[in-house]
Amino acid sequence: MGMTHIVDRRLNGKNKSAVNRERFLRRYRHHIKRAVADAVQKRSITDIERGEKVSIPSRDIEEPIFHHGQGGKREMVHPGNQEFVAGDTIPKPEGGGGEGAGQGQASPDGEGMDEFAFQITQEEFLDFLFDDLELPNLARKKLKDTEAFKYVRSGFSTQGVPAKLDVVRSLRGAHARRLGLGGARKKKIRDLEKQLEALKAAPDELDPAFSHEDQIQVLEEEIARLKANIRRIPFIDEIDLRYRQHLKQPQPATSAVMFCLMDVSGSMTQMHKDIAKRFFILLYLFLKKNYKKIEVVFIRHHTSAKEVDEEEFFYSRETGGTIVSSALKLMHKIIESRYSPDEWNIYAAQASDGDNWNDDSPVCGKILADNILPLVQYFAYVEITPQDHQMLWYEYEKIHERFPHGFALQQIADPGEIYPVFRQLFERKAA
């Protein structure tokens with residue numbers, strides 16, 4: 001019995017072997033993850049959606065090979081040889097003549113990083129960037145890969161199942177039909193009945209051709225015929241039946257919303273705002289990777305809060321003081337009006353330099369504990385300051401003690417800490 005050989009001739013993009021590339025990425029995963037982490041710290045997060053050039057030390061890509069050991073006899077034919085004959089001794093070449101790829105580029109640990117470099121795509125970059133990351137307490141209520149639908153009323157139909165029969169609408173139609181078909185006959189009956197009464201009251205005139213009794217009989221027969229016709233009109237007919245009609249209306253299958261709160265007051269310097277921008281963009285990219293459809297609500301605040309679009313959230317400037325509770329109140333109001341916790345997984349992240357009116361910090365703690373944290377899956381607070389903690393931090397520490405699994409807080413001092421803090425806030429917890 002012969003052996004069956006199966007050859008996969010399916011073409012990859014640009015005739016490249018995707019299988020070999022995946023194997024290569026798996027093999028050098030450690031180096032690529034380290035290069036991606038370095039790239040996050042060095043370049044702007046706003047530019048994070050492109051690929052990255054990755055370098056691997058040459059000693060890590062060496063392959064084991066078989067070769068001849070010392071000693072032994074070998075015979076070789078070198079085409080184009082005009083200098084030697086069999087038995088001649090070939091002098092050893094002098095060193096120092098070659099120039100390697102890493103010539104002149106020393107490193108303190110003796111490890112060259114420029115011997116082998118390759119490009120990873122945007123998708124591969126994001127895969128390594130978000131490796132091992134996952135939103136905590138991810139319940140994914142009503143979360144499906146397919147579209148979900150809801151049925152909405154859409155008028156009436158002449159066909160349908162008995163369960164959808166609208167009795168009142170059907171009887172109203174039947175009544176209108178009976179009026180339309182029998183109205184003219186009933187009017188004619190009333191006219192004939194008046195003539196009959198007048199004829200009966202009139203004296204009997206002798207008319208051999210058409211007697212008084214004959215006229216009365218003709219009228220009575222016509223009235224009876226018309227009444228019989230009216231009785232034959234059905235009380236309700238098949239054409240009167242009306243059924244309630246419903247149409248399927250698509251609705252988002254992903255019921256997850258992320259609230260992004262940021263302080264844009266005068267105490268937030270451009271450095272603070274830039275770090276906050278990078279943190280939220282990283283968070284937004286993370287959400288886009290985990291959900292095909294995701295709603296993000298941007299709330300910026302100084303002494304008052306305002307819901308804005310993404311452009312205004314990241315790039316507008318404000319001056320003045322800070323009242324953090326205004327943003328929390330607005331968030332609670334938006335949740336009540338648009339995002340029912342029964343249907344939405346609600347997450348929130350807040351970025352601030354910690355500056356706040358002292359009298360307002362206890363108000364923030366009360367709003368969080370009483371109104372917001374019972375409704376949300378997770379709330380992360382990031383304080384962007386290299387200095388000592390502000391009053392708001394100490395208030396939020398009390399909240400963290402009461403809600404250790406639903407509330408987290410971290411401090412960021414410079415852009416290089418954004419990615420580690422992000423991983424700490426949203427790393428996948430061990431089962």
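A quick note: this is a predicted structure, and the numbers were derived from the prediction, not measured.
Under the 3.5 Å distance criterion, the side-chain polar atoms of Arg244 are matched with a main-chain donor or acceptor of Ala163. A donor-acceptor contact shorter than 3.5 Å is absent between the side chain of Asp263 and the backbone of Gly354. Put simply, the side chain of Ser325 never gets that close to the backbone of Cys364: no donor and acceptor are under 3.5 Å apart.
Look at Arg338 and Glu295 and you find no salt bridge, because none of the NZ, NE, NH1 or NH2 atoms lies under 4.0 Å from a carboxylate O. Salt bridge status for Lys333 with Glu307: absent, with no side-chain N to carboxylate O gap under 4.0 Å.
To the nearest 0.5 Å, the span separating OG on Ser157 from NE2 on His246 amounts to 12.0 Å. Taking CG from Leu171 and CG from Asp166, the interatomic distance works out to 9.5 Å, rounded to the nearest 0.5 Å. Here the NZ atom belonging to Lys227 is positioned 11.0 Å from the NZ atom belonging to Lys186, to the nearest 0.5 angstrom. Atom CD1 of residue Ile189 and atom CD1 of residue Ile230 lie 3.5 Å apart, to the nearest 0.5 angstrom. Here the CG atom belonging to Leu330 is positioned 11.5 Å from the NZ atom belonging to Lys306, to the nearest 0.5 angstrom. To the nearest 0.5 Å, atoms CD1 (Ile223) and CD (Gln195) are separated by 8.5 Å.
Between Ile334 and Phe259 the shortest side-chain heavy-atom distance falls below 4.5 Å. Using a 4.5 Å cut-off on side-chain heavy atoms (C-beta onward), Ile239 and Thr158 make no contact. A 4.5 Å side-chain heavy-atom check between Leu328 and Gln350 finds at least one atom pair inside the cut-off. Looking at heavy atoms from C-beta onward, Asn356 lies out of side-chain contact with Met391 at the 4.5 angstrom threshold. The side-chain heavy atoms of Val161 and Tyr243, taken from C-beta on, include no pair separated by under 4.5 Å. The closest side-chain heavy-atom distance from Leu241 to Ile236 is below 4.5 Å. Looking at Val257 and Ile335, their side chains never come closer than 4.5 Å, going by heavy atoms from C-beta outward. Between Ile399 and Tyr381, the closest side-chain pair of non-hydrogen atoms is not below 4.5 Å.
When the shell of 6.0 Å around NZ of Lys366 is examined, it contains 12 or fewer heavy atoms from other residues, nucleotides or ligands. Within 6.0 Å of CD in Gln119 there are more than 12 heavy atoms belonging to other residues, nucleotides or ligands. Residue Asp359 qualifies as open at atom CG: its count of foreign heavy atoms under 6.0 Å is 12 or below.
Closest non-hydrogen pair, Met258 versus Ala348, comes out as CE-C, 3.5 Å. Residues Asp360 and Val324 approach most closely at OD2-N, 3.1 Å, considering heavy atoms. Looking at every heavy atom in both residues, Gly406 comes nearest to Leu373 through O-CD2, 4.1 Å. In plain terms, the two heavy atoms of Ser170 and Arg242 that are nearest each other are OG-N, 2.9 Å. Heavy-atom minimum distance, Leu25 versus Ile32: CD2-CD1, 3.4 Å. Closest of all the heavy-atom pairs between Tyr339 and Ile346 is O-CD1, 3.7 Å.
Among pairs with a residue in residues 172-184, those fulfilling salt bridge (Lys or Arg N to Asp or Glu O under 4.0 Å) read Arg177-Asp240, at least two apart in sequence or across chains.
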(request) Under the salt bridge (charged side-chain N to carboxylate O under 4.0 Å, His left out) rule, what do Glu222 and Arg225 come out as? Steps first, then yes or no, please. (result) CA-CA 5 Å; Glu222 180 65 14; Arg225 186 183 66 82; 2.6 Å; yes
(request) Verify side-chain contact (heavy atoms from CB on, under 4.5 Å) between Glu397 and Leu409, making sure each step is shown before the conclusion. (result) CA-CA 8 Å; Glu397 275 188 331; Leu409 67 166; 4.0 Å; yes
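No side-chain donor from either of Glu383 and Tyr396 sits under 3.5 Å from a side-chain acceptor of the other.
In terms of the ring pair (Phe, Tyr, Trp, His ring centres under 6.0 Å) criterion, residue partners of Phe379 (sequence neighbours excluded) are, by chain and number, Phe407. Every residue two or more places apart in sequence or in another chain that forms a ring pair (Phe, Tyr, Trp, His ring centres under 6.0 Å) with His389 is listed here: Trp393.
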